[in-house]
Asker: 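I'd like to ask you about the structure that follows.
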Amino acid sequence: EPEVTQTPSHQVTQMGQEVILRCVPISNHLYFYWYRQILGQKVEFLVSFYNNEISEKSEIFDDQFSVERPDGSNFTLKIRSTKLEDSAMYFCASSITGPETQYFGPGTRLLVL
Amino acid sequence: AQSVTQPDIHITVSEGASLELRCNYSYGATPYLFWYVQSPGQGLQLLLKYFSGDTLVQGIKGFEAEFKRSQSSFNLRKPSVHWSDAAEYFCAVGLTGGGNKLTFGTGTQLKVEL
């Protein structure tokens with residue numbers, strides 16, 4: 001069964017450093033998402049991406065964040081200058097036609113020191 | 001703005017007992033409704049979803065959920081819980097239409113006593 005994959009599974013970085021989280025969505029999916037889950041809290045929407053542009057973003061997704069689909073398979077989330085509060089599990093998701101069939105990857109646990 | 005409420009933060013049941021996890025949503029129209037499960041250190045696995053039609057939906061692992069429009073609820077049930085069901089369960093809602101975000105509840109942590 002096709003699945004969403006994410007790399008790395010864990011990443012530790014120093015505050016102020018840039019990180020890039022990578023996702024490979026399911027191949028025939030058209031909509032891509034990033035969510036995050038701070039430890040002990042609920043899953044929060046960050047951004048959705050369709051047709052090579054951001055379709056919606058949350059107030060969390062400020063200028064420090066960016067997303068890109070650099071090729072036909074990868075979907076990346078970049079945090080330009082990480083803060084301590086960016087420490088969280090970051091989930092990538094993809095769907096064929098929107099939220100109806102949204103499938104999640106295993107997540108990347110980011111720790112900012 | 002849409003919101004999702006899971007009133008039970010923790011629930012403990014004995015193996016073999018029945019389970020019901022509550023979920024209420026607030027939204028002007030009927031949204032898409034989902035239940036996801038998250039095992040420790042794992043990602044989110046879709047258990048089941050409701051879009052329209054039959055208000056009782058069946059999912060994987062023996063779970064089912066019932067949509068009740070009058071109560072704005074989408075409670076998850078399982079007739080007989082297995083120890084492997086111990087996990088965190090999230091209810092989520094999505095807007096009708098394509099490419100829209102999911103809004104998650106705060107989750108219910110299920111503990112299963114042997």
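Order of the sequence lines fixes the chain letters, A, B, ..., with proteins taken first and strands second; residue numbering starts at 1 for each chain.
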Asker: Applying the 4.5 Å side-chain criterion to the ILVMFWY set and letting contacts propagate, would A:Leu84 and A:Ile79 be lumped into a single cluster?
Answerer: yes
Asker: Taking all non-hydrogen atoms of both residues, which atom of A:Tyr103 and which atom of B:Lys49 are closest, and how far apart?
Answerer: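 Looks like OH-NZ, 4.3 Å.
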Asker: Spell out, yes or no, whether A:Phe45 and A:Phe61 are grouped together once hydrophobic residues are joined by side-chain heavy atoms under 4.5 Å, including indirect joins.
Answerer: no
Asker: Would a 4.5 Å heavy-atom cut-off, applied to side chains only, mark B:Gln38 and A:Gln37 as touching?
Answerer: yes
Asker: Just how far is it from atom CD of A:Glu44 to atom NZ of B:Lys101, taken to the nearest 0.5 Å?
Answerer: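 The distance works out to 10.5 Å.
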Asker: Given the rule that I, L, V, M, F, W and Y join up when any side-chain heavy atoms are under 4.5 Å apart, are A:Met89 and A:Leu111 in one cluster?
Answerer: no
Asker: Just grab all the side-chain hydrogen bond (donor to acceptor under 3.5 Å, both in side chains) pairs involving residues 75-84 of chain A, residues at least two apart or on different chains.
Answerer: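 Sorted result for residues 75-84 of chain A: empty, none.
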Asker: Sequence neighbours left out, what pairs pass side-chain hydrogen bond (donor to acceptor under 3.5 Å, both in side chains) with at least one residue falling in residues 54-67 of chain B?
Answerer: B:Gln45-B:Lys61, B:Gln58-B:Glu64, B:Glu64-B:Arg77, B:Glu66-B:Arg77
Asker: What closest approach, in Å, do A:Lys42 and B:Phe104 show between heavy atoms, and which atom pair accounts for it?
Answerer: CD-O, 3.4 Å
Asker: Could you grab the distance from atom CG of B:Leu102 to atom CZ of A:Phe91, nearest 0.5 Å is fine?
Answerer: 13.0 Å
Asker: Let me know if A:Phe32 has heavy atoms under 4.5 Å from chain B in its side chain, its backbone, both or neither.
Answerer: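 For A:Phe32, no heavy atom lies under 4.5 Å from chain B.
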